[in-house]
Amino acid sequence: MKQVAVIGAGPAGLMAAEAMARSGIAVTVYERMPSVGRKLLMAGRGGLNLTHSEDFEPFLARYGAAGPALRDAITAFPPESLRAWSAALGQSTYVGSSGRVFPVAMKASPLLRAWLRRLDASGVKLALRHEWTGWDDAQRLTFNTPAGEVPIAADATVLALGGASWPRLGSDGGWTEILARRDVAIAPLKPANCGFLAAWSEHLRRHAGQPLKRIMLSFRDHAMRGEVIMTETGIEGGAVYALASVLRDAIAHAGEATLHVALRPDIWPRELERRLAAPRGKQSLSNFLRKALSLSPVEIALLQEAARGKLAELSTADLAKLINDVPIRLTATAPIARAISTAGGIAFDAIDAHFMLRALPGVFVAGEMLDWEAPTGGYLLQACFATGAAAGRGVVGRIGAEGA
Ligand SMILES: Cc1cc2nc3c(=O)[nH]c(=O)nc-3n(C[C@H](O)[C@H](O)[C@H](O)COP(=O)(O)OP(=O)(O)OC[C@H]3O[C@@H](n4cnc5c(N)ncnc54)[C@H](O)[C@@H]3O)c2cc1C
């Protein structure tokens, strides 16, 4: 019987293993960590946004330039199939008010447990604490294991090693060096859905961890409502992630980008001015702003920072204007280790229609290690599952069902 090695036990690798095991192929999944699916479990802490319910074409458009390259894989395993797959594992899903799809349990652990049971029943073997290091001269895969360096021969391999964010969960992008040595074209890994650095004063830094709620961010012709979290070194949070790719690319081009924050986007300028013109009496400016507009201490600190400490000297009109147009100068992305996902990776030109590397026949790739990015909203997991399934089918097509 032919032996297939899947390396990386995240959603993409496990899905590839499942597709192959269903065709009767002997599959072993190798994973460097002592347990599987750590990033999937981490995603579960935020409710596990599995996919999105929007129509197919707008859905595909979320992958930007990579959409055409992902079309076939997502067509073959679309959001409805992912939901049916989850339901078959006992985890039915629902559509949230934003159109995002979540398992009713709002976590990943029951889904992963049921999935591992099913994989085990279909004969998939797991080899944990196996860190892939490349190939030896006999073209066998090599692994660092607690027992030392182990070579393993495989008839086909699926690499599903993830991106480079949250490296403590197992994916650190170390594979880029191994594959670059084998002439695989790889776009540099970059943070996606990430935070940004801003040069905060000591005073503003004290508000790290505080949220700016129900604000609106704008950058050029992009705008996003939502929440921002202040960090020691800048900003992060859902609204920031949604603009992250344009901000990242603007900073790469110009060295900086100025983001504009509307702290009270639902209050018209005239109404803002009216409230700010009310007599302050003996109240401090902070107290007055807190009562007149429910501005929180962190929001007031941000305004102070933008006014260079001279907030009290602003006219009512200028203060009203600033409240809905606070500029924040961003100088860099926050480190990739803190990003939700990774942009860059193996170029689609480097693989064929079955996700096999052109430079390494018999080696297939899937998941976040490919060169695509997408916003949060379930698009990340959907593409990982769909490309994992596509790579699995690719192996079946190459070595034949039943491992013949
Ligand atoms: C905090 C957080 C929340 C998220 N929430 C969501 C969400 O709600 N919805 C969504 O769509 N996406 C979410 N994501 C993103 C999503 O989890 C990832 O896109 C997805 O897990 C990537 O799947 P993957 O299989 O490609 O890689 P991974 O899940 O990263 O799995 C790759 C595996 O390969 C292993 N590996 C790496 N190198 C080696 C090696 N050399 N040898 C052996 N094994 C190796 C790793 O240990 C890892 O287990 C979230 C991410 C984070 C960080």
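Note that ligands are numbered from 1 as they come in the structure, with each ligand's atoms numbered from 1 the same way. Remember, it's a predicted structure, so these values are computed and weren't measured experimentally.
Listed as neighbours of ligand 1 are Ile7, Gly8, Ala9, Gly10, Pro11, Ala12, Glu31, Arg32, Met33, Lys39, Met42, Ala43, Asn49, His130, Glu131, Trp132, Ala160, Leu161, Gly162, Trp166, Leu169, Gly170, Ser171, Ile340, Gly367, Glu368, Gly378, Leu380, Leu381, Cys384, each bearing a heavy atom under 4.0 Å from the ligand.
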Worksheet item: Can you check salt bridge (Lys or Arg N to Asp or Glu O under 4.0 Å) on Arg118 and Glu18, steps first, answer last?
Response: CA-CA 9 Å; Arg118 193 164 79 186; Glu18 180 154 65; 3.0 Å; yes
Listing, residues 175-198 side-chain donor-acceptor contacts under 3.5 Å, not counting sequence neighbours, or none:
residue : atom : partner : partner atom : Å
Trp175  : NE1  : Gly162  : O            : 3.0
Thr176  : OG1  : Gly173  : O            : 2.8
Arg182  : NH1  : Gln139  : OE1          : 3.3
Asn193  : OD1  : Thr376  : N            : 3.4
Asn193  : ND2  : Ser341  : OG           : 2.9
Asn193  : ND2  : Ala374  : O            : 2.9

Please tabulate, one pair per line, all N/O donor-acceptor pairs under 3.5 Å involving side-chain atoms of residues 208-227, not counting sequence neighbours.
residue : atom : partner : partner atom : Å
Arg225  : NH1  : Asp266  : OD1          : 3.0
Arg225  : NH2  : Asp266  : OD1          : 3.2

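Applying the salt bridge (charged side-chain N to carboxylate O under 4.0 Å, His left out) rule to pairs touching residues 128-137 yields Arg32-Glu131, Asp136-Arg140, sequence neighbours excluded.
A salt bridge does not link Glu271 with Arg264: every distance from a Lys NZ or Arg NE/NH1/NH2 to an Asp or Glu carboxylate oxygen is 4.0 Å or more.
Checked by atom type, the side-chain pair Glu373/Tyr379 shows no donor-acceptor distance below 3.5 Å.
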